[in-house]
Amino acid sequence: MPELPEVETIKRGLQEKIVGRKIEDVVYDAPKMLLPNPKTLLASVVGTKIIKVDRKAKLILIYLSNGNILVIHLKLTGRLIFRSKKVLADEWQHVIFKFEGDEELRFCDLRKFGFVRLVIDKRELGVILSEFGPEPLTSEFTEEKLGEILRRSSKPVKLVLIDQAKIAGVGNIYANEALFWAGIQPEEKGSRLSGNQVNRLYEALNKVLKEGIRYKGATESDRAYRDVEGNPGKFQEHFAVYGREGEKCVRCGTEIKRIKLGGRGTFFCPRCQTTS
DNA sequence: ATTGGGACCTGCTCGC
DNA sequence: TGCGAGCAGGTCCCAA
């Protein structure tokens with residue numbers, strides 16, 4: 001579910017709500033979501049204060065006063081919802097961080113693929129983060145860099161975009177949308193893109209990621225992404241191709257097609273998106 | 001070396 | 001109405 005814009009929206013919400021709070025307790029009913037294991041994690045977390053919240057790729061990073069860091073991945077259906085302890089339980093809540101005072105943070109996840117991982121220090125965190133490619137919307141990610149990444153890849157361009165080791169944070173929705181706005185067919189090999197296509201793809205990626213953030217993420221179904229207040233995003237109202245198989249292209253009216261690439265649904269306009 | 005499939009889980013939607 | 005197949009925003013692991 002959550003891709004860069006969704007996780008960024010959650011990060012911003014958490015910065016506002018949980019920084020400075022002291023964690024009084026952690027309760028859970030899904031031990032597999034706590035890494036390396038619940039005992040170790042609880043021992044290091046209970047009693048600490050939250051110093052800082054950050055994001056890298058699709059990971060939420062929560063820095064604690066004892067130097068440890070919590071790394072959270074929401075996978076497909078994870079949510080982090082900040083509530084008063086008095087509010088009725090949320091659907092699928094499995095790990096709850098209880099703060100001193102009236103509030104708590106609920107990690108909800110229908111499919112339980114998500115996890116909270118205890119990371120000991122910045123050195124260990126560095127090892128984890130070094131696996132990721134450049135972060136879009138930062139100075140690390142230039143058009144030249146994107147061109148270099150694509151040139152080195154014989155895979156379909158869409159698979160390059162969602163490969164976290166190559167580019168951080170882009171997932172299925174934003175890859176589909178960016179390729180539409182760039183006018184590139186998803187199966188085209190990265191190495192075959194022209195300079196002009198690379199330029200368009202760079203601009204399109206920036207455009208859709210920024211829009212995703214502006215609309216506070218995309219919520220496709222009622223069991224998917226929510227922000228920290230439990231509200232859905234709005235970017236799904238602006239999808240050009242994702243989930244629109246059989247509907248008309250917003251640009252030329254041609255029917256949107258759906259194929260499978262790397263096992264995942266891939267949507268595109270057969271007329272607007274070409275293979276050069 | 002790439003690629004394809006299954007696994008991890010749960011629940012909704014669609015076709016028969 | 002019931003039932004099975006297919007699908008879902010992510011990622012890891014193994015086999016061909």
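Note on naming: letters A, B, ... go to the chains in the order of the sequence lines (proteins, then strands), and numbering restarts at 1 for each one.
- Looking only at side-chain heavy atoms (C-beta outward), A:Tyr28 and A:His94 stay at 4.5 Å or farther from each other.
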Taking only N/O atoms, report every protein-nucleotides 4-8 of chain C pair under 3.5 Å with atom names and distance.
from, atom 1, to, atom 2, distance (Å)
C:dC7, O3', A:Arg258, NH2, 3.4
C:dA8, OP1, A:Arg258, NH2, 2.8
C:dA8, N3, A:Arg111, NH1, 3.3

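- Atom CG of A:Leu35 is separated from atom C1' of C:dC12 by 13 Å (rounded to the nearest Å).
- Rounded to whole Å, the P atom of C:dT1 lies 22 Å from the corresponding atom of B:dG11.
- Under a 3.5 Å cut-off, the side chain of A:Gln185 and the backbone N or O of A:Glu187 do form a donor-acceptor pair.
- Side-chain nitrogen and oxygen atoms of A:Gln164 include at least one within less than 4.0 Å of the OP1 or OP2 phosphate oxygen of C:dT11.
- With rounding to whole Å, A:Lys32 atom NZ is found 15 Å from C:dT11 atom C1'.
- The CD1 atom of A:Ile213 sits 5.5 Å away from the CG atom of A:Leu137 when rounded to the nearest 0.5 Å.
- The distance between the ring centers of A:Phe235 and A:Tyr242 does not fall below 6.0 angstrom.
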With 3.5 Å as the limit, what N/O pairs link the protein to nucleotides 14-16 of chain C?
none

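- Aromatic rings from A:Phe141 and A:Tyr202 are positioned such that their centres are separated by under 6.0 Å.
- The existence of a salt bridge linking A:Glu211 and A:Lys207 is confirmed by a sub-4.0 Å separation between a basic side-chain nitrogen and an acidic carboxylate oxygen.
- Spacing between atom CG of A:Asp109 and atom P of C:dG10 amounts to 13 Å, rounded to whole angstrom units.
- Nucleic acid contact for A:Ser154: none, since no nucleic acid atom lies under 4.0 Å from a heavy atom of the residue.
- Sequence neighbours left out, the pairs with a member in residues 37-57 of chain A that pass salt bridge (Lys or Arg N to Asp or Glu O under 4.0 Å) are A:Glu8-A:Arg55, A:Arg55-A:Glu135, A:Lys56-A:Glu140.
- B:dG4 and C:dC7 are spaced 15 Å apart, taking the P atom of each and rounding to whole Å.
- Separation of the C1' atoms belonging to C:dG6 and B:dG5 is 15 Å when rounded to the nearest angstrom.
- Side chains of A:Leu59 and A:Leu129 form a contact here, defined as non-hydrogen atoms less than 4.5 Å apart.
- Computed from coordinates, the A:Ile162 CD1 to C:dG10 P distance equals 7 Å when rounded to whole Å.
- For A:Lys216 and A:Glu229, the salt-bridge test fails: no basic side-chain N is under 4.0 Å from an acidic carboxylate O.
- For DNA chain B, the span of nucleotides reached by chain A at under 4.0 Å from its heavy atoms goes, 5' to 3', from B:dT3 to B:dC12.
- Using modelled atom types, one finds no donor on one side chain facing an acceptor on the other under 3.5 Å when comparing A:Tyr225 with A:Gln236.
- The side chain of A:His73 contributes no N or O atom lying less than 4.0 Å from OP1 or OP2 of C:dG10.
- Salt-bridge check for A:Asp163 with A:Lys155: passed, with a basic side-chain N closer than 4.0 Å to an acidic carboxylate O.
- The P atoms of C:dA5 and B:dA7 are separated by 15 Å, rounded to the nearest whole Å.
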* Represent DNA chain C in dot-bracket notation, 5' to 3'. Only Watson-Crick or G-U wobble pairs with both distances under 3.5 Å count; pseudoknot-style crossings use [ ] and interstrand partners use |. => .|||||||.|||||||
* Go through the steps for A:Ile259 and A:Phe268 under the test side chain to side chain contact (heavy atoms under 4.5 Å, CB included), then give the verdict. => CA-CA 8 Å; A:Ile259 58 172; A:Phe268 67 100; 3.8 Å; yes
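- Counting non-hydrogen atoms of other residues, nucleotides and ligands closer than 6.0 Å to NZ of A:Lys98 gives a total above 12.
- Under the 4.5 angstrom side-chain criterion for Ile, Leu, Val, Met, Phe, Trp and Tyr, the cluster partners of A:Val27 are A:Ile96.
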